[in-house]
Amino acid sequence: MKKIYITFALSAASLAFSQKALDRVEPAFWWKGMKNPELQILVYGKDIANNQLELSDGVQVKDIKKVENPNYVFVTVNTNEINVPKFNITVKNGRKKIGSYTYEIKQRNPNSADRESFTSKDVMYLIMPDRFANGDEKNDSRPDLTEKVNRSLPNGRHGGDLRGIINNLDYIQNLGATSVWLTPVNEDNEKVYSYHGYAQTDLYKIDGRYGTNEEYRELSRKLNQRNMKLVMDYVTNHWGISHWMIKDLPTKDWIHWFEDGKDGFQRSNYKTTTQFDTNASDIDKKIALDGWFDTSMPDINQSNPLVLKYLTQNAIWWIEYAELGGFRVDTYPYNDKEAMAQWAKAITDEYPKFNIVGETWLSSPAYISAWQKDSKTGEAAHYNSHLPSVMDFMLYGDLPKALRENDGWDSGMSRIYSSLASDFLYPDINNVMVFFENHDTERWNEIFNADPKAYKMALTVISTVRGIPQIYYGTETGMRGDKNKGGDADIRRDFPGGWKTDPQNAFDPSSQTAEQKEFYQFTRKLLNWRKGKDVIHTGKTKNFVPRDNVFVYFRYNDKESVMVVLNNSDKDQSVDVKHFAESLNPFTAGKDIISGKEFSIRNNFVIPGKTSMVIELK
């Protein structure tokens with residue numbers, strides 16, 4: 001057996017070296033046959049850099065990185081040159097073996113690189129796992145994790161988990177959703193307010209209160225068996241203050257550190273428009289991008305090459321291991337944009353069909369579109385993000401205003417029209433996520449006092465316009481939540497029936513209340529109809545300027561055409577078919593898929609107040 005030795009200078013510190021010399025190896029294993037064969041292995045242990053590292057079986061070392069913290073060594077190898085399924089990483093102090101790890105190079109699943117991802121054919125169902133369903137009460141609280149389950153605390157852990165989601169996949173599929181986005185489920189071991197998962201403390205481990213890595217992969221596989229996809233919520237911008245690497249930083253510049261702030265803290269000013277503002281001051285841009293979200297969330301420095309490599313490999317590891325169907329990336333514009341372009345390109349180079357949607361919470365389509373791959377607005381700033389998809393926060397902001405306002409030049413239905421009129425800014429308009437709420441926003445049904453008419457109008461819009469519709473768990477049964485009064489916890493209520501002690505089960509249509517049924521049945525009908533409609537997935541759009549608070553648009557291709565009519569007026573309105581002749585000819589009849597009624601479109605027809613129609617033309 002040929003052995004390669006990597007020797008570091010011994011120091012006085014190594015004389016007191018712990019027998020537990022090798023605490024972590026990340027990633028724990030890798031795969032043969034990746035397009036990029038270069039693998040950087042993080043090896044961590046007390047003063048490990050002051051000892052000898054031995055790689056067995058002729059494994060050649062391409063590069064070694066030591067950093068200011070002697071507890072870390074970064075070893076780079078070429079996996080194409082590794083011809084054994086396993087090799088040993090051994091730590092020695094002189095001749096004494098003080099630590100060892102068996103590293104495995106696995107075979108990839110067939111067609112892994114060519115995996116399918118979410119597209120405009122999909123409807124994405126957003127779940128906050130802690131609040132959805134408790135399928136395994138044994139993992140509610142764990143001795144190795146600080147915060148325990150206490151359902152009486154609004155901001156506490158409530159016990160929802162991966163098994164609860166697996167147990168309710170029939171419900172999600174029957175609803176018409178085809179992709180599932182979970183808010184982060186990696187370990188978040190903070191003392192309080194850890195249920196949301198965005199302050200992660202271990203990027204390679206599922207939080208034990210949700211389940212295990214194996215259960216996460218099981219969920220993904222069971223979704224894939226249903227021709228559905230699991231989308232991971234990936235966080236590159238910040239980690240939790242209790243992350244094991246934050247507690248023992250490899251380098252001081254692993255995170256952004258403000259010398260005049262307590263423990264390096266400086267809150268972001270959240271002005272990410274500075275990323276493209278050619279007139280932005282340096283200080284404003286620095287505070288926006290390097291500032292922290294909160295004292296418990298240190299801001300990660302993606303411009304550090306070791307950090308970027310760590311984040312890139314971790315993302316690819318989860319795709320390969322858990323057989324993922326996409327990423328949603330949190331707080332995308334808060335990251336170093338040049339580094340994130342490399343991150344996104346590395347992933348999509350490895351998986352050409354893999355979709356990544358960034359949370360681009362900005363107020364203008366010009367700002368938002370600049371973040372999409374091959375954007376002309378981004379190109380004007382000499383930048384290509386390589387990010388395939390962005391979130392349409394413009395439409396999100398305009399929808400509730402449109403439905404609450406009277407018709408006007410720039411109010412009422414004109415808001416939706418104007419939002420869609422900005423489509424020319426996007427290089428791939430079908431790959432834009434559309435939504436009217438998520439886990440950070442006011443619940444739609446709270447804004448409109450659980451009015452099913454307002455919900456049906458909004459769902460009709462996001463289900464029939466260009467892009468990828470996303471709905472938020474519970475809204476399809478009329479769930480409410482007042483963020484202004486109850487904070488984030490109130491917009492993240494427990495799904496009724498997800499716990500054994502719940503008095504009512506909304507997962508079962510036969511036990512839903514009359515109010516829940518009205519929301520649910522409409523959602524199910526519309527989303528399941530959408531599944532087979534290429535004209536909605538990839539068709540062209542023709543908009544007609546709103547008149548009398550009625551907005552009409554058509555989705556069409558060479559084979560079929562769909563007419564969408566939105567009446568935001570309180571009264572019934574007559575639809576003047578002559579006005580829409582250019583899109584109605586040569587069709588003679590239509591079927592409203594919501595009511596099931598068929599009628600002639602040669603004559604004017606009436607749409608009731610505060611309703612929508614989705615008409616298949618014949």
[X]-[Y] aromatic ring centre distance below 6.0 Å:
X: W318; Y: Y204; value: no
X: Y72; Y: W254; value: no
X: Y198; Y: F293; value: no

Would you say the side chains of [X] and [Y] form a donor-acceptor pair under 3.5 Å?
X: D253; Y: T251; answer: yes
X: N186; Y: D202; answer: no
X: N69; Y: D248; answer: yes
X: Q40; Y: Y310; answer: no

Only residue of Y125, Y472, F132 satisfying ring-ring contact (aromatic ring centres under 6.0 Å, His included) with F495 is F132
Using modelled atom types only, decide if a donor and an acceptor are shared between the side chain of R226 and the backbone of L223 within a distance under 3.5 Å. no
Any donor-acceptor pair under 3.5 Å from D136 side chain to K138 backbone: yes
To the nearest 0.5 Å, atom OG of S220 lies from atom CG of L324 at 5.5 Å
Q. So does D144 pair up with R142, basic N to acidic O under 4.0 Å?
A. yes
Salt bridge flag under 4.0 Å for residues K35 and E350: no
Geometric cation-pi criterion [X] and [Y], 6.0 Å radius, 45° cone:
X: R131; Y: Y195; answer: yes
X: R157; Y: Y210; answer: yes
X: K337; Y: F276; answer: yes

Only one of K229, Q470, H537, R530 passes side-chain hydrogen bond (donor to acceptor under 3.5 Å, both in side chains) with D122, and that residue is K229
Over all heavy atoms of both residues, which pair between [X] and [Y] is shortest? Give the atoms and the distance, please.
X: T377; Y: S369; value: OG1-OG, 3.3 Å
X: A288; Y: Y334; value: O-CD2, 3.6 Å
X: W371; Y: Y383; value: CZ3-OH, 3.9 Å

